[in-house]
Each structure stands twice: as C-alpha cells, then as structure tokens.
Amino acid sequence: MRIGFFLILLSAMLLNAGAVKPSDYTQPEVCGGCHAEIYSQWNGSMHSMAHKDPVYQKLFIMASRETNSTFDAFCTKCHAPIDYLSGNIPSADNYKVSEISEKGISCDFCHTVNASSGIGNGAFISSPGKVKYGPFNDSSSMYHGTAYSELHTKAEFCGMCHDVKHPFNGLVLENTYTEWKEGPYNETTPCQHCHMTPGVTKFEANPGRAAAGAPMREHIYTHYFVGGNAMLPGLLGSPEHERLAKERLRLAAVVEILDIERINETVNLNVKVTNIGAGHKIPTGLTEAREIWLDVDVRDKAGNQIFRSGAMDAGGYIDHNAVIYHTVFGDSTGKVTEKVWFADRILLDNRIPPKGYSLENYSFTIPQGTNGPLRIDIKLNYVSASQELSDLLFGKGSVKPPVIEMASANATIEIPVPRKEMPGLEILFMPLIIFAAYVRIKRNRGRI
Ligand code: HEC
Ligand code: HEC
Ligand code: HEC
Ligand code: HEC
Ligand code: HEC
C-alpha cells in the first residue's frame with residue numbers, strides 16, 4: 001500500500017520533470033510562415049528580446065553571482081519561460097539557454113498558455129501541443145488546432161508577468177497590473193487595447209487578416225508590445241519599435257505652467273505634470289531604472305541662464321535637485337540600492353498615477369539689471385536607465401541611455417517687474433507682523 005503510494009508519487013515527479021522540453025515549442029519563424037504580419041510586429045519587440053536584452057543579461061549575471069544562484073530560476077521564469085518550464089536554468093557560470101529561449105517570449109509560449117494560477121511572479125500554466133489558444137471562437141487552421149481563450153483577452157493575461165514581488169521578502173518590485181487594476185481604466189480598457197492596437201491610449205480597430213488565406217476580420221490585435229523602451233530597439237536594430245516607443249512616450253503625459261507668481265524680484269513657478277495616456281503609473285515596470293524628470297530652464301533676453309533645475313551634464317547625470325519620478329529601493333540597512341535582490345524597502349515612490357497629476361513648485365530671484373523678457377522652457381524627459389545604473393552594468397560612461405522628450409511647456413516674463421504704485425498689502429500687515437514678533441519674544445522669555 002505504502003510502496004504503491006510512493007511509486008505513484010515518484011512517477012508523478014518524473015512525469016513532471018520530463019513533462020516539457022524546449023523542442024515541444026514551435027519556433028516563431030514557423031508561425032511567421034502564415035502569420036507574417038504578426039511575426040514582423042513581434043520580432044524586435046521587447047518580448048522577442050526578453051532574453052537577448054543586454055541590460056537583462058548583465059543584471060541577471062550580477063544577481064546570480066551576488067546571491068549564489070538563488071535568483072536564477074526566478075528571473076528565468078519570465079525572461080526565458082520555455083527554459084524555466086523545461087528545467088533548463090542558466091546561471092552566471094553556465095549562461096546558456098535553448099535556441100527558442102534566445103527568442104525570449106515567443107508565439108508558441110503565449111499561445112499554449114491556457115490557464116493561470118493568479119497574478120504576478122509568472123503565474124502561467126502552459127500546455128504545449130497542437131492547440132493554439134487565442135481570442136477567436138470561430139477560427140480554424142489546417143496547421144494547428146484552435147481554441148477560444150478568454151484569458152488572452154483580459155489584462156490578467158499580462159498580469160501573470162507584469163507584477164513582480166521579491167521571491168523571499170515579498171517586496172513589490174514591479175506593479176503594472178495592480179496599478180492598472182486600482183486605476184480608472186480597469187473597467188473599460190485592458191492592456192491589450194493600448195498595447196495591441198494602433199490606438200496607443202485607447203482601443204483603435206485594425207481590420208485585416210490574422211494569417212495568409214484567413215478571412216477578413218474587423219480587428220486583428222497587433223503584436224508590437226511597445227512600451228517606453230526606445231533604447232533597446234534602437235541598439236538592437238528595430239527602428240520601427242524605436243519610433244513607436246517614442247511616439248507612445250509623447251502621448252503619455254502633458255506638462256503645464258499653472259501660474260507664475262511674482263513678488264518683486266522673486267518668482268514662484270507652479271508646474272503640473274499629468275498622466276493623460278498611460279493605463280498605469282508613469283513610469284511603470286522597472287521603475288528603479290526608468291527616470292522621468294523635469295528640466296526647467298530660465299534665460300534672459302540674451303540667453304544667459306537665470307535658473308536651472310534638472311540639467312543633464314555631459315556625463316549623462318541628472319542634477320541632484322531635479323524633480324525625478326521613479327522608485328528608490330533600500331536594502332535591509334536602509335541604504336539606496338539598484339539591485340532588486342537586495343531590495344528590502346521602498347524609500348521613495350513619487351510616480352504619477354493613471355489620470356493623476358503631480359504639482360511642483362520652483363522659486364528663483366531675478367538679478368538686478370536683467371534684460372527681459374525672461375523665457376521659461378520646461379521639458380519632461382525620459383530615460384530607460386539612469387546613468388548610475390548604466391555605469392554599474394556596463395562600466396562608467398560606456399553606455400549613455402538616450403533622452404526622449406515626452407512633453408514641454410514655455411512662457412515669458414516681462415521685465416522690468418512692474419512695481420506697485422500704491423503701498424502693497426504688506427504695509428497693511430506690518431503692524432500685525434510687529435505684534436506677532438513681540439508676542440513670540442515674550443513667549444520665548446517666558447520659557448527661560
Ligand atoms: C514575474 C516576472 C518577472 C520576473 C520574475 C523578473 N522579471 Fe524582469 N521584467 C519583467 C517585466 C514584465 C519587465 C518589463 C517592465 C518594463 O519594461 O519596465 C521586466 C524588465 C526587466 C529589465 C529591463 C530591461 C531593459 O532593457 O530595460 C531587466 C534588466 C530585468 N527585468 C531584469 C530582471 C532580473 C535580473 C530578474 C531576476 C532578479 C527579473 N528581471 C525577474 C518581468 C519579470
Ligand atoms: C499553415 C499556416 C499556419 C501556421 C504555420 C500557423 N498558423 Fe496559426 N492560424 C492559421 C490560420 C489560417 C488561422 C485562422 C485565422 C482566423 O481564423 O482568422 C490561425 C489562427 C491562429 C490563432 C487564433 C486562434 C484562436 O482561436 O483565436 C492563433 C493564436 C495562432 N494561429 C497561433 C499560431 C502559432 C503560435 C503558430 C506557430 C506555432 C501558428 N499559429 C502557425 C494558420 C497558421
Ligand atoms: C506576450 C504574449 C504573446 C506573444 C509573444 C504572441 N502573442 Fe499572439 N496574441 C496574444 C494575445 C494576448 C492575443 C489576443 C489579444 C486580445 O484578444 O485581446 C493574441 C492574438 C493572436 C492572434 C489572433 C489574431 C489577432 O491578432 O487578433 C494570432 C493569430 C496570434 N496572436 C499569433 C501570434 C504569433 C504568430 C506570434 C509570434 C510571432 C504571437 N502571436 C506572439 C499574446 C501573444
Ligand atoms: C511570460 C511573461 C510575460 C507575459 C505573459 C507578458 N509579458 Fe510583457 N514583458 C515581459 C518581460 C520579461 C518584458 C521585458 C523584457 C525586457 O525588457 O528585457 C516585457 C515587456 C513588455 C513591454 C515593453 C516594456 C518597455 O519597457 O518598453 C510591454 C509594453 C509589454 N511587455 C506588454 C505586455 C502586454 C500588454 C501583455 C499581455 C498581452 C504582456 N506584456 C504579457 C513578460 C511578459
Ligand atoms: C490607456 C492606455 C494604456 C493601458 C490600459 C495600459 N498601458 Fe502600458 N503604457 C501606455 C503608455 C502611453 C505607455 C508609455 C508611458 C510609459 O512608458 O510609462 C505605457 C508603457 C508601458 C510599459 C513600459 C513602462 C516604462 O515606463 O518603461 C509597460 C511595461 C506597460 N505599459 C505594460 C502595460 C500592462 C501590463 C498593462 C495592463 C495591466 C498596460 N500597460 C495598460 C498605455 C497604456
């Protein structure tokens with residue numbers, strides 16, 4: 001009886017271990033034979049580069065070394081899922097994946113997922129084989145079986161990987177699905193509407209055929225999967241994905257100068273940054289690397305700088321006083337770290353929620369004798385990785401992440417500052433101020 005139970009357990013374990021091999025999955029080029037357009041959209045996407053990506057590889061190898069391989073399987077699960085499922089886990093010392101996993105998250109991985117065990121940390125269940133799961137309930141193909149999968153049409157499909165928690169201490173590392181779920185788009189606009197249609201910020205139909213010889217349909221989902229990353233497609237030769245990422249960043253946010261307050265030579269500038277287009281916070285995903293920041297530049301008539309905040313120097317470093325929207329992780333001693341494996345707490349998260357905004361205030365003094373008018377130029381910029389992270393991964397100064405302008409605003413200030421002719425309000429308040437100071441002195445004395 002006991003032996004029988006043990007045998008069943010053993011055979012179940014063996015079956016599981018050998019259940020999936022990389023060769024059970026079809027190479028994307030084969031699918032591309034009939035699905036040519038979808039293939040060309042996917043090829044060059046961040047999903048196709050999820051393993052090739054040099055930023056990922058550098059960080060993976062660093063994580064593997066610094067944790068004695070305890071993160072190897074974890075990272076591989078989402079970035080090379082077919083090798084994870086096959087039990088082929090690369091490590092810093094033996095950094096190799098199968099040929100199909102070189103191609104990251106490919107057609108046959110996503111279209112053989114037919115269930116999930118929840119949200120986040122790679123909650124997918126994959127059943128490789130003849131049947132391809134997708135959004136149609138009336139589709140047929142001579143090459144493969146087809147089956148309708150509601151999961152593919154929902155944000156929960158993306159949420160299987162686009163929410164990441166630290167595997168040991170549970171700290172939230174990436175939160176895109178949850179940001180969407182808790183935001184204003186959750187009822188009407190799943191990820192697919194913005195990331196798999198030409199609409200970018202909303203659903204927009206893309207009529208066509210899903211495969212050669214297939215019927216004409218009112219809408220075919222596109223497979224560019226473009227986010228904010230223009231750097232990698234740029235580096236790895238996908239100009240179309242690079243262009244689309246820049247376009248997407250420009251549709252995500254607006255910046256406005258709300259008002260300019262002047263009190264004699266002092267200027268107070270109120271600036272508003274609104275997330276108008278993204279279904280989650282901006283930035284989202286790998287937010288300890290991504291930086292969205294405000295560059296505020298004020299110059300006189302001749303172009304001399306009067307005030308600056310958010311300048312990037314020649315080395316690619318952003319001024320320390322700049323307003324930067326991102327996440328800062330701390331390790332268990334509270335020290336800032338860019339290494340997610342050491343992350344233990346969130347020290348700062350000032351990112352802008354979907355349809356939300358952030359208000360910023362700048363203050364500066366106009367020097368005597370300045371020639372006007374003053375010109376204020378504000379830019380909202382994006383980089384995929386801070387220079388500090390890039391230095392850590394590739395060596396100081398060897399890679400400079402490109403800066404993409406998301407939005408801008410400008411205004412002018414007339415000079416000279418018009419002086420008030422009548423006594424200002426401050427004159428009326430003078431007796432009150434003197435009285436308050438007197439009371440304060442008395443109070444302090446009373447304390448001694
Ligand atoms: C649960 C799934 C999941 C796991 C586990 C995971 N990642 Fe990711 N990773 C993602 C997703 C989703 C993105 C895309 C987010 C974005 O682009 O901002 C991403 C993006 C990245 C990027 C950005 C690449 C670029 O070019 O900018 C790096 C680097 C990265 N991950 C490294 C790692 C490392 C190292 C590990 C293991 C410690 C890991 N990831 C574990 C899902 C995962
Ligand atoms: C010999 C041509 C051919 C090849 C090769 C091919 N497909 Fe298809 N596929 C089709 C046709 C035709 C349809 C039907 C399209 C329609 O109904 O509009 C289809 C439909 C689909 C659907 C939709 C299923 C649904 O019910 O929603 C998916 C998903 C799919 N294919 C994925 C794949 C994947 C993944 C591969 C590679 C492993 C692949 N296809 C290879 C011809 C092919
Ligand atoms: C990251 C996962 C993912 C990858 C990789 C992927 N797909 Fe899809 N695909 C989807 C999802 C999700 C849908 C359905 C979207 C919806 O209905 O909301 C879809 C839809 C489809 C459809 C149905 C027609 C349509 O576009 O509406 C076909 C056919 C298809 N994919 C083929 C492919 C092929 C071929 C590849 C590789 C070149 C591929 N897919 C790569 C997730 C993926
Ligand atoms: C198997 C896990 C997995 C699934 C499922 C998945 N993704 Fe991803 N996705 C990733 C990883 C990993 C990356 C990052 C690759 C890299 O940068 O190296 C990524 C990158 C992206 C990017 C590019 C981000 C950037 O910085 O430009 C977008 C957009 C995206 N995914 C959207 C989606 C959408 C929409 C879905 C659902 C239809 C989806 N993903 C499903 C794992 C997944
Ligand atoms: C209303 C449209 C909309 C919806 C819904 C939406 N996104 Fe996005 N997404 C955008 C825009 C616009 C950007 C570019 C701004 C940015 O990069 O932050 C973006 C960027 C991204 C990025 C790259 C982030 C970065 O800053 O590097 C990822 C990853 C992503 N989306 C995944 C998802 C996933 C997963 C979902 C669903 C849970 C989703 N998106 C829902 C519009 C949308």
Side-chain angles (χ1 to χ4, degrees), residues 27-56 78-79 81 102-111 113 132 134-136 152-155 157-162 174 176-177 180 185 189-212 214 217-253 277-280 282-286 290 382 384 402 404 406:
Q27 295 283 349
E29 290 73 22
V30 176
C31 314
C34 297
H35 299 287
E37 205 171 332
I38 293 178
Y39 174 84
S40 73
Q41 296 166 347
W42 165 83
N43 192 25
S45 70
M46 290 314 298
H47 285 151
S48 77
M49 296 195 247
H51 179 264
K52 248 189 271 180
D53 179 347
V55 181
Y56 168 70
C78 296
H79 286 263
E102 289 280 347
K103 296 165 196 165
I105 303 163
S106 53
C107 322
D108 212 19
F109 169 74
C110 280
H111 288 292
V113 167
K132 309 306 169 199
F136 300 146
H152 280 75
T153 68
K154 298 177 82 175
F157 180 85
C158 319
M160 297 185 298
C161 299
H162 282 268
E174 284 186 29
T176 307
Y177 169 81
W180 170 85
Y185 294 92
T189 320
C191 324
Q192 289 87 334
H193 283 195
C194 295
H195 287 284
M196 297 185 74
T197 83
V200 183
T201 58
K202 58 183 188 309
F203 179 87
E204 196 181 301
N206 172 49
R209 297 176 203 280
R217 292 186 184 264
E218 278 167 15
H219 175 67
I220 302 295
Y221 281 92
T222 58
H223 281 64
Y224 292 105
F225 299 111
V226 166
N229 205 329
M231 176 168 98
L232 261 292
L235 278 174
L236 302 181
S238 312
E240 183 63 359
H241 293 84
E242 183 187 4
R243 185 185 69 76
L244 290 170
K246 288 181 179 164
E247 177 195 72
R248 179 169 294 267
L249 286 170
R250 288 182 189 126
L251 292 169
H280 33 70
I282 51 168
T284 191
L286 202 81
R290 319 287 188 226
Y382 179 96
S384 286
I404 294 145
M406 297 176 71

>> Assess the residue pair Thr197 and Lys202 against the criterion (side chain to side chain contact (heavy atoms under 4.5 Å, CB included)); give the C-alpha distance rounded to whole Å, side-chain angles, the decisive distance to 0.1 Å, and a yes or no.
In response: CA-CA 8 Å; Thr197 83; Lys202 58 183 188 309; over 6 Å; no
> Can Lys103 and Glu29 be said to form a side chain to side chain contact (heavy atoms under 4.5 Å, CB included), step by step?
Replying inline: CA-CA 10 Å; Lys103 296 165 196 165; Glu29 290 73 22; 3.2 Å; yes
> Hey, mind stepping through Met196 and His223 against side chain to side chain contact (heavy atoms under 4.5 Å, CB included) and telling me if it holds?
Replying inline: CA-CA 6 Å; Met196 297 185 74; His223 281 64; 3.7 Å; yes
> Passes side chain to side chain contact (heavy atoms under 4.5 Å, CB included), His193 versus Tyr185? Steps please.
Replying inline: CA-CA 10 Å; His193 283 195; Tyr185 294 92; over 6 Å; no
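Nearest heavy atom pair, residue Gly228 against residue Leu249, reads O-CD1, 3.6 Å. Pro54 and Leu232 make their closest contact through CD-CD1, 3.5 Å (heavy atoms, listed as atom of the first residue, atom of the second, distance). Scanning both residues, Ile282 and Ala253, for their nearest heavy atoms gives CD1-CB, 3.8 Å. Across every non-hydrogen atom of Ile220 and Ile38, the tightest pair is CG2-CD1, 4.4 Å. The two atoms that bring Pro81 and Ile105 nearest to each other are CD-CG1, 4.0 Å, heavy atoms only. Shortest non-hydrogen contact noted between Ser48 and Ser45 is OG-O, 2.8 Å.
Between Glu247 and Arg250, none of the side-chain N atoms (NZ, or NE/NH1/NH2) sits under 4.0 Å from a carboxylate O, so this pair counts as no salt bridge.
Cation-pi check for Arg248 over Tyr224 is not met; the charged atom does not lie both under 6.0 angstrom from the ring centroid and within 45 degrees of its normal.
Listed for the His241 side chain is a donor-acceptor partner under 3.5 Å among the backbone atoms of Gln41. When atom types are taken as modelled, the side chain of Gln192 and the backbone of Lys154 share a donor-acceptor pair closer than 3.5 angstrom. A donor-acceptor pair under 3.5 Å is absent between the side-chain atoms of Ser384 and the main chain of Arg290, judged by distance alone. Of the possible polar contacts, none joining the His280 side chain to the Tyr177 backbone as a donor-acceptor pair under 3.5 Å is found. Between the His47 side chain and the Ser106 main chain, no donor and acceptor come within less than 3.5 Å of each other.
Counting heavy atoms from C-beta on, the side chains of Leu286 and Glu174 come closer than 4.5 Å. Between Ser238 and Met49 the shortest side-chain heavy-atom distance falls below 4.5 Å. No side-chain heavy atom of Pro190 sits less than 4.5 Å from a side-chain heavy atom of Thr153. Side-chain contact check for Gln27 versus Cys107: every heavy-atom pair is 4.5 Å or farther apart.
For Phe157 and His152, the ring centers sit closer than 6.0 Å to each other. Between His219 and Tyr221, the distance from one ring center to the other falls under 6.0 angstrom.
A parallel orientation is assigned to the rings of Tyr56 and His79, their planes being inclined by less than 30° (bins at 30° and 60°). Ring planes of Tyr39 and Trp42: tilted class, angle from 30 to 60°.
Expressed to the nearest 0.5 Å, how far CE of Met231 lies from OH of Tyr382 amounts to 9.5 Å. How far CZ of Arg209 is from SG of Cys34: 14.0 Å, rounded to the nearest 0.5 Å. For the atom pair CG of Leu236 and CE of Met46, the computed distance is 8.0 Å after rounding to the nearest 0.5 Å.
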